[in-house]
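This report refers to the structure that appears directly beneath it.
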Amino acid sequence: MTAPMLNRGLDHVALHCYDLDATVRFYTEALGFRVAQEWSAPDAGVHRCVFLDAGDDRVIELFDAASTPPGGSPTGLVPRRRPTDEERADRAAVVHFAIRTDDPVTLFQRAVAAGARPLMEPSVIETSGDVPMILHVGFVHGLDDEVIEFIDRPAVRH
């Protein structure tokens with residue numbers, strides 16, 4: 001008898017958004033995601049939430065500023081000030097999330113044109129280790145101070 005598969009992979013990344021509609025436009029118009037579902041659950045602290053299709057039944061989950069989802073601010077984001085880049089980096093448990101692409105340069109440029117702030121221009125990084133790799137990566141600060149990496153990399157060997 002085979003044991004059930006308990007870990008079926010990464011399901012989603014959740015973001016608390018200062019302006020949900022602007023964030024949805026950013027991810028759909030600039031980065032090519034599509035809205036999969038919009039929902040609310042007031043008893044769970046969710047005023048408004050949008051699932052963006054990230055492929056393979058995985059999503060980016062976007063909460064509006066008034067929501068107080070588990071793991072987020074118990075008071076929402078309004079009217080608090082945005083943290084500086086340094087404050088966010090000092091406290092962030094999640095360093096960044098990455099979007100796989102065949103063209104990091106174009107996706108980086110589209111993100112910046114849509115309001116993201118450049119963090120690291122796309123460049124090639126050669127790694128060392130048991131399986132050296134050549135990575136092509138670029139990073140931006142998204143509209144809600146999230147750090148997004150655009151990456152073209154070889155498949156991970158098992």
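Atoms considered below: every heavy atom in the structure, side chains included; atoms not considered: hydrogens, waters and symmetry mates.
Atoms CD1 and NE2, from I125 and H136 in turn, are 9.5 Å apart once rounded to the nearest 0.5 Å. Atoms CZ and CG, from R110 and D103 in turn, are 10.0 Å apart once rounded to the nearest 0.5 Å. Atoms CZ and OG, on R48 and S67 in that order, are 9.5 Å from each other to the nearest 0.5 Å. Distance check: S73 OG to F63 CZ gives 12.5 Å after rounding to the nearest 0.5 Å. Here Q37 contributes atom CD and L52 contributes atom CG; the two are 11.5 Å apart, rounded to the nearest 0.5 Å. Taking CG from L15 and CG from L62, the interatomic distance works out to 5.5 Å, rounded to the nearest 0.5 Å.
Side-chain contact between E126 and P132 is absent, with no heavy-atom pair separated by less than 4.5 Å. Between C17 and L20 the shortest side-chain heavy-atom distance falls below 4.5 Å. Residues P69 and H16 form a side-chain contact, since some pair of their non-hydrogen atoms from C-beta on lies under 4.5 Å apart. Inter-residue side-chain proximity for D21 and F26 is flagged as unmet; no heavy-atom pair is nearer than 4.5 Å. The shortest side-chain heavy-atom distance between F139 and P122 does not fall under the 4.5 Å cut-off. Side-chain contact between F33 and I99: present, with at least one pair of heavy atoms (C-beta onward) separated by less than 4.5 Å. Proximity of V105 to F150: side-chain heavy atoms (C-beta onward) are nowhere separated by under 4.5 Å.
Placement of V59 and V24 in two distinct hydrophobic clusters is found when ILVMFWY residues are connected by side-chain heavy-atom separations under 4.5 Å, directly or transitively. Under the 4.5 Å side-chain heavy-atom criterion for ILVMFWY residues, no single connected hydrophobic cluster contains both V137 and I134. Under the 4.5 Å side-chain heavy-atom criterion for Ile, Leu, Val, Met, Phe, Trp and Tyr, F51 and L31 are members of distinct hydrophobic clusters. A continuous path of hydrophobic side-chain contacts links I148 to L143 [ILVMFWY only; heavy atoms under 4.5 Å].
Qualifying side-chain contact (heavy atoms from CB on, under 4.5 Å) partners for D57, counting only residues two or more places apart in sequence or in other chains: none. In this structure P154 satisfies the side-chain contact (heavy atoms from CB on, under 4.5 Å) test together with M133, L135, sequence neighbours excluded.
The two residues P74 and T68 have their closest heavy-atom pair at O-CG2, 3.4 Å. In this structure, D64 and H47 approach most closely via the heavy-atom pair OD2-ND1, 2.6 Å. For the pair A44 and P70, the tightest heavy-atom approach, listed with the atom from each and the gap, is O-CD, 4.2 Å. Residues E121 and F108 share a closest heavy-atom pair of OE1-CE2, 3.6 Å.
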Practice task
Report the C-alpha separation of V147 and L119 in whole Å, then their side-chain angles, then the decisive distance to 0.1 Å, and conclude whether the side chain to side chain contact (heavy atoms under 4.5 Å, CB included) test is met.
Solution key: CA-CA 8 Å; V147 175; L119 177 58; 3.7 Å; yes
Exercise for the section: Would you sort out whether T101 and I151 count as a side chain to side chain contact (heavy atoms under 4.5 Å, CB included), showing the intermediate values? Expected result: CA-CA 6 Å; T101 177; I151 185 168; over 6 Å; no
Exercise for the section: Apply side chain to side chain contact (heavy atoms under 4.5 Å, CB included) to D85 and R117, showing your working. Expected result: CA-CA 11 Å; D85 293 345; R117 293 178 292 118; 2.9 Å; yes
Handout entry: Trace of the salt bridge (Lys or Arg N to Asp or Glu O under 4.0 Å) decision for R88 with D145
Key = CA-CA 8 Å; R88 189 211 58 79; D145 303 316; over 6 Å; no
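By the 30° and 60° cut-offs, the orientation of the rings of F97 relative to Y27 is parallel.
In the displayed structure, H96 atom NE2 is contacted under 6.0 Å by more than 12 heavy atoms of other residues, nucleotides or ligands.
A salt bridge does not link D53 to R58: none of the charged side-chain nitrogens sits closer than 4.0 Å to a carboxylate oxygen.
At least one donor-acceptor pair closer than 3.5 Å links the side chain of E146 to the backbone N or O of D144.
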